[in-house]
Amino acid sequence: MIGSNDNGAPDGIEFKADLTLERLKPRLEEVWRDSGIDEAQRCEFERRLRAHWRPLFEILFRLYGSRYDFHYHIERILQTAAAAWSDRPAELRSLDRHRINEPDWFQSEKVIGGALYVDLFSENLVKAREHVGYFQRLGLTYLHLMPLFAVRPGNNDGGYAISNYRSVDPRLGTIDDLRLLAADLRRAGIVLVLDFVFNHTADDHEWAQKAQAGDREYQEFYYLFPDRTVPEQYEATLREIFPTVRRGNFTWHDGMQQWVWTTFNSFQWDLNYGNPAVFRAMLEEMFFLANVGVDVLRLDAVAFIWKRMGTGCENLPEAHLLIQAFNHLARISTPSLLFKSEAIVHPDEVVKYVSPRECQVSYNPTLMALLWESLATRQVGLIMQTLRHRHRLPEHTAWVNYLRCHDDIGWTFDDDDAAAIGIAAYDHRQFLNEFYTGQFPGSFARGIPFQENIKTGDMRISGTMASLAGLEQAIEEDDEAKKELAIRRMILLHGVTLSIGGIPLLYLGEEWGMLNDYEFVTDPAKAGDSRWIHRPKMQWDYLEELNDHIDTGNGSIRNRIFKSTQQLISLRKELPALAGQNMELINTFNSHVLGYLRIFEGHRLIVLANFSEEVQSVEGNKLRTAGLGRFFEDVIEDKTFVTSSPVELEPYQILWLKRV
Ligand code: GLC
Ligand code: GLC
């Protein structure tokens, strides 16, 4: 199935690439003739095609060169790319030209992200358009709408079991509603992020239905096996992602009398990218989304898209080649489109997806997990040890820094990073699971287990940011001191993700301190998946409370969380030092205080973050050596300090320090 596995370029590959392109010219002419595109636009495309063709061809050759039908697929891929450019709306073409000249736009301190489920936030897309003002009020400039495509009936894994990539779930609206929302957002200076769920389709997607009807061409879109022999061989080296759904990675299909590869839920069928027809079919879906007006595609479950016997079938070199191929094609036909990687895997692997040739931006699951780790331990040793050699990224890329998302928290730190500072990784993960499920004595957290694996002892955590940070427990106990600490923990965490380098991403609801929603168990389509606990419905009446000046119990807590979050966001936008990715750790000589320096084009900002509920102090002259002068001010609270005396941090306080 695989063309060539070696790392060197195949012999004479450039010659082969050039000759192939020459031979395909007439096919390209056909597309141009049918589309009536003008000469200038044609040249634009062909210029980019020339720039990307050789590396693209080489990748496709390595993946598919040994297939009998390689040339046919190459031809179709080129035609698909040309058609995508000729179908591209004029407004998006002009955005393409703009972004080509400003490729680092996403590194600006002005970029702030938010993510939401349309149904839970505003019921549907038409109503979402009425809330663009809300996004602006909060300061968002990047909006990720959780998958909103047509899905299978019943359980659809929060939209990740897609039955048609070109139509919107009718409960949410239509594709035209989505286009209108995209246009409204663009006018409001907000980029649109949607998922590209390309590892699997739902079992009722047209391709899967044809496979079920016995169509051989479509059966080859998936991994099907008549008996357990081959699945057993694969199982020997695979992990289980959803062990409480089903043991193993394969599901028996009665109709076809075949085992189907299903990494996630049994109704999510993994696509077989060993077949170039799958690559091309998905490419068409990608271009369709790009031309609707999507700015960033979130590449879902990237780690799993290539399988090879005898491996864990995660993060294989071919997975990277596939993304690079999609990326070259995007650069050619829809150049303003960026990719965001969703690889929730070991930190060594996460970073391999991040490059201008692959995914320009990536979730930062390691930072996310370690911020929660620091809150639980009140120590910054592991986060420092990790960030020291793991925060840096290639140029023209960025982290997406988040605290919670629609998924669970997995403790994805590196065992050797932990060992280096005397932490036993397995025990530490057990501790963190106990802590965040509230079982550890004195824990403030109210999370619940996700996908506990009895065999391996592995477990992940579900829960909203506020419930994990202690607010739920504090409200239940009606304990003012605990409420105060919980709110401070939330502000502290936001203060870090907003300043550490990269795009901060809020999971909407966080700005109000939304608590766990235990109601999900009453819906049979959700009951089996504890992640629904942290996917609550937006409460629009909270917005009215914002204008109440009288303290109304929980209302005033929400006000405070909202206003502090909003304030930090608008402060970040005024601080050029927070652009880019450059971040240097500062040794604060205090194991509870995280310190780092941000520098961008001569602007500097020092951040100090106290992860404990005690007052902590840091010697002022340590900060002086990090480049502050004699006097400096905390821009969050407008307070001035002198470096000749110790800097005191209140419990969970975060300082953003600027030279005065
Ligand atoms: C991604 C999504 C997750 C989903 C899985 C399968 O990891 O974030 O919610 O369950 O893919 O699509
Ligand atoms: C695993 C996968 C990730 C997925 C998550 C869902 O961590 O690596 O892709 O989002 O499970 O829980």
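Here, residue 1 is the first one in the sequence, and each next residue gets the next number. These numbers were taken from a predicted model, which means no experiment stands behind them. Atoms within each ligand, like the ligands themselves, are counted from 1 in listed order.
- Of the listed residues (Asp157, Thr201, Thr262, Asp203), just one forms a side-chain hydrogen bond (donor to acceptor under 3.5 Å, both in side chains) with Gln268, and that residue is Asp157.
- For the pair Asp407 and Arg460, the salt-bridge criterion is not met [side-chain N within less than 4.0 Å of a carboxylate O].
- Environment of CZ in Arg280: crowded, with over 12 heavy atoms of neighbouring residues, nucleotides or ligands closer than 6.0 Å.
- A donor-acceptor contact closer than 3.5 angstrom links the side chains of Asp414 and His346.
- Of all atoms in ligand 1, listed by their number and element, those nearer than 4.0 Å to a heavy atom of Arg531 are 3 (C), 4 (C), 9 (O), 10 (O).
- Using a 4.0 Å heavy-atom cutoff, Val197 is absent from the residues neighbouring ligand 1.
- The contact set between ligand 1 and His200, taken as ligand atoms under 4.0 Å from a residue heavy atom, comprises 6 (C), 12 (O).
- Using a 4.0 Å cut-off to heavy atoms of Phe242, the atoms of ligand 1 that qualify are 10 (O).
- The Asp407 neighbourhood of ligand 1 comprises atoms 2 (C), 3 (C), 7 (O), 8 (O), 9 (O), with distances under 4.0 Å to a heavy atom of that residue.
- Applying the 4.0 Å criterion to heavy atoms of Glu342 picks out, from ligand 1, the atoms 1 (C), 7 (O), 8 (O).
- Short contacts between ligand 1 and Arg298, defined as distances under 4.0 Å to a heavy atom of the residue, involve ligand atoms 2 (C), 8 (O).
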Assess the residue pair Arg166 and Glu284 against the criterion (salt bridge (Lys or Arg N to Asp or Glu O under 4.0 Å)); give the C-alpha distance rounded to whole Å, side-chain angles, the decisive distance to 0.1 Å, and a yes or no. CA-CA 10 Å; Arg166 299 190 188 208; Glu284 278 192 17; 3.5 Å; yes
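- At a 4.0 Å heavy-atom cut-off, ligand 1 does not touch Phe304 at all.
- Between Asp204 and Arg152 there is no salt bridge, since no side-chain nitrogen of the basic residue lies less than 4.0 Å from a carboxylate oxygen of the acidic one.
- The pair Arg298-Asp300 counts as a salt bridge, with a side-chain nitrogen and a carboxylate oxygen less than 4.0 angstrom apart.
- Within ligand 1, counting atoms from 1 as listed, the ones closer than 4.0 Å to a heavy atom of Phe264 are 5 (C), 6 (C).
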